Amino acid sequence: MNELTVNDLHLDYGTGAHANQILKGVSMHLQKGEVVALLGPSGSGKTTLLRAVAGLESAKQGTISIGERNVYDGSKNFEMPAEHRNLGLVFQSYALWPHKTVFDNVAYGLKLRKMGAADIKDKVADVLKNLGLGHLAERYPHQLSGGQQQRVAIARALVYNPPVILLDEPLSNLDAKLREEARAFLRELIVRLGLSALMVTHDQAEAMAISDRILLLNNGKIEQQGTPQSMYETPETLFTAEFMGSNNRLPAKVVQRDGARVRLDVNGTALTGTARGAGGGEPSTIIRVEEVKISPTPVENAIELPLLTCMYLGDRFECLFKSPAGGGEFGLRAYSKYKLEAGNYWLQLPVDKLWVF
Ligand SMILES: Nc1ncnc2c1ncn2[C@@H]1O[C@H](COP(=O)(O)OP(=O)(O)O)[C@@H](O)[C@H]1O
Ligand SMILES: [Mg+2]
């Protein structure tokens, strides 16, 4: 069953001549037990979509259902107030009350709902234990680390067993190492508690690590959705391909198309690539950095370029090859296990990985 269904949602900020279309017909669903990442560049409408689902922004058109309940229907001018939607919300700024203890921060929502003191105590203790915060119940937010504060914010969202939790960049205030730990923790927690979660992020690695499914938003529309693997390995558009990975873009001219095979010319070198996506428009040719193979001797479907520099990344080197200035100057990046000597190399671009959109 779908825990959350959004259908053809339109939302503007401002009205009349000043109306700014932010969501332009978004449809999505979230199934029970599923973690969906809402991914997209800054300004693409991720927060707006989350806030519309929560009832914090008014849409213009479309429908939103939570489980069986309709919470928004544009055609009937129906809008359920946010406090009746019973969703768990976690924002980027944890928005904890500084003068309340961890226990009181988490208990607050239950007190508002007039739950009895004994029940509140049990529920809060239970959720704090689940989040590994049991021993911190009497502390104040300023006595906690960033990671602990972030868990309190999650505890507060989970305490009344919402069917769906909505998280807006919940890990972005943590530093890199903590963020990776928190990612694993959050994924494990969501799965263990059987929650359904919609999580906003602008970080494609985070989206892939944490979710069952990714929705990629581009300028108020869903560009593509699918499992992390399908989004990464079989992008349907150039936007998806470029957003999901680290790419080289080649100044290639299309010479001839033969089904999915595309014969290309790159500054006088003949190459073969594979057509992807619906086509149309100016063709763009890209290849993922990790798919470029470096050879000191001539190989098939390769381009010869001098090495410019190698950067040490710890587990490997990222090497930049660049054609001499003048006459269609361009560069290619590739990974190498070892530091390379100066000189010319043949950069092999496997036919099925050289994508022409
Ligand atoms: N309250 C608001 N009033 C007017 N415009 C807004 C408001 N909030 C966001 N916007 C605009 O809406 C667009 C989408 O914003 P947002 O949903 O916050 O993007 P994201 O979360 O993907 O970065 C942006 O162009 C932003 O400037
Ligand atoms: Mg945002």
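Numbering of ligands and ligand atoms starts at 1, following listing order. The structure presented is a predicted model; accordingly, all values stated were derived computationally and were not measured. Residue numbers run from 1 in the order of the sequence given.
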Can you find a protein heavy atom closer to atom 26 (C) of ligand 1 than 4.0 Å?
no
Does ligand 1 come near enough to Lys46 that some N or O of the ligand is less than 3.5 Å from an N or O of the residue?
yes
For His10 and Gln21, test the side chains for any donor-to-acceptor distance below 3.5 angstrom and give the result as yes or no.
no
From Thr274 atom OG1 to Phe357 atom CZ, the distance as rounded to the nearest 0.5 Å:
10.5 Å
May I ask whether Ile22 places a heavy atom under 4.0 Å from ligand 1?
yes
Which atoms of ligand 1 have any heavy atom of Ser44 under 4.0 Å away?
19 (O), 22 (O)
Between Thr47, Asp12, Leu23, flag the one that comes closest to atom 21 (O) of ligand 1 by a heavy atom.
Thr47
Distance filter under 4.0 Å to Pro41 heavy atoms, resulting ligand 1 atoms
22 (O)
Assess Thr47: does it contribute an N, O or S atom lying under 2.8 Å from the Mg ion (ligand 2)?
yes
Determine, using heavy atoms of Gly220 and all atoms of ligand 1, whether some pair is separated by less than 4.0 Å.
no
With a cut-off of 3.5 Å and sequence neighbours excluded, list every side-chain donor-acceptor pair involving residues 254-265.
unit_1: Gln256; atom_1: OE1; unit_2: Arg263; atom_2: NH1; d: 3.4
unit_1: Asp265; atom_1: OD1; unit_2: Gly268; atom_2: N; d: 3.2

Taking only non-hydrogen atoms of Gly45, do any sit less than 4.0 angstrom from ligand 1?
yes
Is Asp104 salt-bridged to Arg156, cutoff N-O under 4.0 Å?
no
Specify the protein heavy atom at minimum distance from atom 7 (C) of ligand 1: its residue, its atom name, and the distance to 0.1 Å.
Tyr13 CE1, 3.3 Å
Quiz item: cation-pi between Arg288 and Tyr232, 6.0 Å / 45°:
yes
When rounded to the nearest 0.5 angstrom, what is the spacing between CD in Glu318 and CG in Leu313?
5.5 Å
Below 30° counts as parallel, above 60° as perpendicular, anything between as tilted: where do the rings of Phe321 and Tyr345 land?
perpendicular
Within a radius of less than 6.0 Å around NZ of Lys32, do more than 12 heavy atoms belonging to other residues, nucleotides or ligands occur?
no
Atom 14 (C) of ligand 1 - nearest protein heavy atom and its distance
Gly43 O, 3.4 Å
How far is atom 17 (O) of ligand 1 from the closest protein heavy atom, and which atom is that?
Thr48 OG1, 2.5 Å
